[in-house]
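What follows is one structure encoded as structure tokens, with my remarks underneath.
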Amino acid sequence: MLSAGRLARRSASACAVAAVATTLLAAPLAGAPGAAATAPAAEAPTLELAPVDPLLSTGEELSLEVALDNRSSWIAPATTVDVLLTASPIATRYSLSRWFAGEAIAANRVVATVELPAVAALDEHSVTVSIDADALGLEGAPWGAYGLAATAPSVTGATSVVVLDEPGEASPTRLALAAPIDAPTGPTGLLDAEQLEASTGVDGDARAALDAAIDAGATIGVDPAIGASAAALGDDAPEAAIDWLDRADAPGAYPLLYSNADPIALVRAGEYPIEPLGIPREDGPPLPASAGEVGGREPVIDATAVAVDDAELGALAAIGTVVMTTASLDEEIGGRTPSAHATIDGVDVLAADGELQRLVARAASVDPLEAAHARAEAMALLATITRERPSDPRTLAAALPATTQGSTVELLDDLADAGFVETVGIDDALALEPRDARLAEPEVPPSTEGAELVQAALAQEADAARIAGIVGDPSTLLASLRLSLLAALPDAGLPITDADRQAIEGLGGKLADLRTAVEIVGGSEIHAVGESVPMPVTIVNRLEVPAEVVLSLRASNALVNVSQPSTTVTLAPGSQQRVQVPVEIVGTGTVLVIAQLHTPDGVALGQVQTLRVTAQPTIETAVAWVLGSAIALLLVFGIWRSVRKRRTGRARGDLDAPGSSVTAEETG
């Protein structure tokens with residue numbers, strides 16, 4: 001904090017400070033238009049600045065987070081940072097955007113100095129500084145968004161903002177919010193009791209998100225996986241989860257797709273909806289697919305991060321309420337900020353303000369300083385919109401990221417506390433008269449990657465469905481696989497990632513496990529002695545349910561005759577069973593017997609097994625086989641001899657007397 005004498009010296013040289021600040025703040029953000037000439041090199045140390053709480057009341061001290069991010073390959077020396085504040089609130093959206101781009105007015109009052117120590121290369125150091133109300137000098141000042149700036153020699157400066165939240169009689173801007181709440185189900189698609197407790201209990205992410213959304217009056221979306229997991233656990237479900245589901249099941253709540261799967265990818269694949277086939281549980285058959293589902297409102301579809309065409313928009317609107325951004329629209333709105341409700345060729349949508357939606361997404365960042373900065377910008381934007389046209393009522397809209405995509409609890413708390421914002425549900429925005437709009441031509445064609453992943457997942461599931469005929473109720477196998485499929489699908493509101501591709505590829509591993517869950521166990525060479533002997537084949541069933549398979553055998557040569565080529569076998573859960581298939585030994589030697597399992601419908605299971613058999617018939621069988629072979633050979637020889645004689649003209653009929661035959665020459 002500055003001393004009174006230093007404050008006086010700063011006041012006496014306000015013009016000089018303003019000039020210096022203008023130069024230093026010309027390009028506080030990387031890539032700002034028109035800033036290339038004055039911006040330091042990209043690897044230079046950079047200041048970062050954000051208020052701990054973006055809302056400020058008269059007489060309240062301001063807490064700021066000030067950080068130095070040293071992106072260079074050398075040590076950044078210790079430095080003194082000046083924190084400056086604008087003398088008046090930023091009046092318009094245009095001025096606010098110029099402020100953050102470093103293209104406009106500079107802060108002209110130094111309200112604090114911060115001493116930062118030397119920072120090692122590729123390291124960062126931050127401090128929290130408190131500025132008392134006297135130093136801020138906002139007593140009696142008009143309400144609104146005040147610009148904050150941080151400057152230091154040889155360092156890229158930073159800007160932020162704080163909102164003096166004293167709107168008086170100004171009509172607040174209404175903001176309709178969709179707040180989807182999901183949980184990290186993992187590859188199984190279900191949460192165990194410990195995971196449910198951690199998510200829905202005290203300090204759990206789902207619990208905090210639900211509390212904040214209810215306080216803000218947002219429209220809540222609930223992942224069915226939370227309720228399904230509690231239903232599958234039955235009496236073992238944590239009380240915290242049961243209480244959470246009771247609170248979440250409000251009249252205006254809506255169900256997400258299971259595991260927050262992306263409805264846009266499903267629509268593009270022509271496969272909407274893909275729903276659970278049942279909810280598997282350990283102590284009984286699967287529960288109905290709707291077990292644990294919460295919410296009766298039509299879905300809210302977050303299309304704020306994708307470009308859609310007219311046909312896709314119509315298909316999505318038939319499913320629920322579509323939230324897109326103004327960046328997706330081709331319209332002229334002048335200098336005003338319109339309400340969100342719009343119609344595009346007769347299709348109702350909510351057009352979230354593009355800049356506000358971007359800030360809402362950034363407010364969920366895992367980087368605390370980035371999240372705080374985005375919250376401050378979002379609150380400043382809403383305050384400025386309210387100040388611009390205080391007599392022009394409007395209802396904006398925004399779709400929050402799902403819980404597993406980052407926490408928006410602090411943003412929701414800010415919105416609930418702010419006097420210039422009234423947070424409402426999605427239906428409040430739809431109640432206003434819509435404006436006409438049309439879709440803008442997308443810069444790039446809509447992506448089909450999500451749809452391709454959906455189709456790949458379903459193709460793998462179709463293979464599994466063919467195998468599932470080995471159990472009496474195929475849903476006992478397919479229900480679990482379907483949950484894994486839904487958990488692997490891309491998440492709503494996010495671009496496709498390598499993790500999505502790997503999750504779909506992982507389904508192939510589950511299918512391979514299913515194919516080999518029932519298989520023949522290879523063994524050592526079999527010695528078969530006798531005339532008719534049982535051929536032992538061992539089959540293992542690793543499933544948790546009974547399985548019925550067809551065992552087929554065939555020999556590679558005639559030494560062994562398989563009199564019963566196929567045998568139906570029923571296997572108990574988690575068991576290993578030896579099946580005796582009768583075969584006839586007809587010769588001595590080595591023969592390969594090929595064994596294969598099939599479903600009752602003829603679908604091959606597992607790998608073909610080759611059993612090596614040493615065949616040795618009993619002596620009686622051997623003698624009979626030799627005699628039979630000799631007789632057969634004699635018959636063949638006799639027939640051959642007779643045919644040969646007839647061909648040479650020496651064969652005698654039954655009436656010919658011995659010596660009566662003559663040659664052709666004698667009769668000539």
Side-chain angles (χ1 to χ4, degrees), residues 25 28-29 32 48-58 60 62-66 83-109 111 131 136 138 141-150 157-168 170-175 177 216 326 335-337 352-365 369-390 394 396 398 408 410-423:
L25 296 178
L29 299 178
E48 296 179 358
L49 177 69
V52 175
D53 184 346
L55 302 177
L56 189 67
S57 299
T58 301
E60 183 182 4
L62 172 64
S63 291
L64 286 176
E65 193 79 11
V66 182
V83 178
L84 302 93
L85 185 71
T86 58
S88 59
I90 299 172
T92 65
R93 289 192 64 166
Y94 175 69
S95 298
L96 185 66
S97 63
R98 292 185 66 200
W99 168 254
F100 282 113
E103 298 174 354
I105 59 172
N108 54 11
R109 291 191 299 126
V111 294
I131 306 173
L136 292 172
L138 295 179
W143 82 277
Y146 285 78
L148 288 165
T159 57
S160 188
V161 70
V162 65
V163 179
L164 183 60
D165 187 17
E166 302 285 349
S171 297
T173 295
R174 299 205 307 169
L175 177 61
L177 292 171
T326 53
R336 64 188 180 89
T337 302
D353 183 89
E355 186 177 0
L356 179 61
Q357 181 64 39
R358 177 182 62 83
L359 294 172
V360 165
R362 281 183 52 208
S365 171
L369 198 59
E370 181 182 354
H373 189 61
R375 285 167 46 216
E377 285 195 53
M379 301 311 294
L381 177 59
L382 289 166
T384 304
I385 290 172
T386 303
R387 279 178 54 89
E388 271 187 313
R389 293 176 179 265
R394 63 182 67 82
L396 308 181
T408 55
E410 290 183 305
L411 175 64
L412 284 169
D413 290 343
D414 293 337
L415 293 170
D417 292 342
F420 51 88
V421 180
E422 180 187 357
T423 47

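As the structure is a computational prediction, the values presented were derived from the model and not from experiment.
With Asp353 as the fixed residue, the side chain to side chain donor-acceptor pair (under 3.5 Å) test singles out one of Arg93, Arg394, Arg358: Arg93.
Residues Pro54 and Ala376 come closest through the heavy atom pair CB-CA, 3.7 Å. A pairwise comparison of heavy atoms in Leu138 and Arg109 identifies CD2-NH2, 4.1 Å as the closest pair. Across all their heavy atoms, Ala363 and Leu411 have their closest contact at CB-CD2, 4.0 Å. Counting all heavy atoms, side chain and backbone alike, Val161 lies closest to Pro51 at O-CG, 3.4 Å. Here the closest heavy-atom approach between residue Arg387 and residue Gly144 is recorded as CD-CA, 3.7 Å. In terms of heavy atoms, Ala50 sits closest to His373 at CB-N, 3.8 Å.
Proximity of a side-chain donor or acceptor of Trp99 to a complementary backbone N or O of Ser160 within less than 3.5 Å is detected. Here the side chain of Ser97 pairs a donor or acceptor atom with the backbone of Tyr94 at under 3.5 angstrom.
Taking the side chain as every heavy atom from C-beta outward, Ile90 and Ser95 approach each other to under 4.5 Å. The shortest distance between side-chain heavy atoms of Leu84 and Leu148 does not fall below 4.5 Å. A heavy-atom distance below 4.5 Å is not found between the side chains of Pro172 and Val421. The shortest side-chain heavy-atom distance between Leu177 and Leu412 falls under the 4.5 Å cut-off. No side-chain heavy atom of Arg375 sits under 4.5 Å from any side-chain heavy atom of Leu359. Looking at Thr386 and Trp143, their side chains come closer than 4.5 Å, going by heavy atoms from C-beta outward.
Within 6.0 Å of CD in Glu410 there are 12 or fewer heavy atoms belonging to other residues, nucleotides or ligands.
The distance from the CD1 atom of Ile131 to the OG atom of Ser63 is 8.5 Å, given to the nearest 0.5 Å. Residue Leu396 holds its CG atom at 12.0 Å from OG1 of Thr423, rounded to the nearest 0.5 Å. The distance from the CG atom of Leu62 to the CG atom of Leu136 is 5.5 Å, given to the nearest 0.5 Å. Of the inter-residue distances, the one linking Leu356 atom CG with Thr326 atom OG1 reads 9.5 Å to the nearest 0.5 angstrom. Between the CD atom of Glu388 and the OG1 atom of Thr173 there is a distance of 9.5 Å, given to the nearest 0.5 Å.
Qualifying side-chain contact (heavy atoms from CB on, under 4.5 Å) partners for Ala352, counting only residues two or more places apart in sequence or in other chains: Val323, Gln357. By the salt bridge (Lys or Arg N to Asp or Glu O under 4.0 Å) test, Glu166 pairs with no residue at all, sequence neighbours left out. In this structure, the side-chain contact (heavy atoms from CB on, under 4.5 Å) partners of Glu48, at least two apart in sequence or on a different chain, are Ala67, Asp69, Arg71, Glu124, Leu369. Applying the ring-ring contact (aromatic ring centres under 6.0 Å, His included) test to Tyr146 and every residue at least two apart in sequence or in another chain returns nothing. A search for side-chain contact (heavy atoms from CB on, under 4.5 Å) contacts involving Asp165 returns Leu55, Pro167, Ala418, Phe420, not counting sequence neighbours. The salt bridge (Lys or Arg N to Asp or Glu O under 4.0 Å) search around Glu60 returns none, not counting sequence neighbours.
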Next item on the list: Using the side chain to side chain contact (heavy atoms under 4.5 Å, CB included) rule, take Leu175 and Leu382 through it: C-alpha gap first, then chi angles, then the decisive distance, then the call.
Entry: CA-CA 9 Å; Leu175 177 61; Leu382 289 166; 4.3 Å; yes
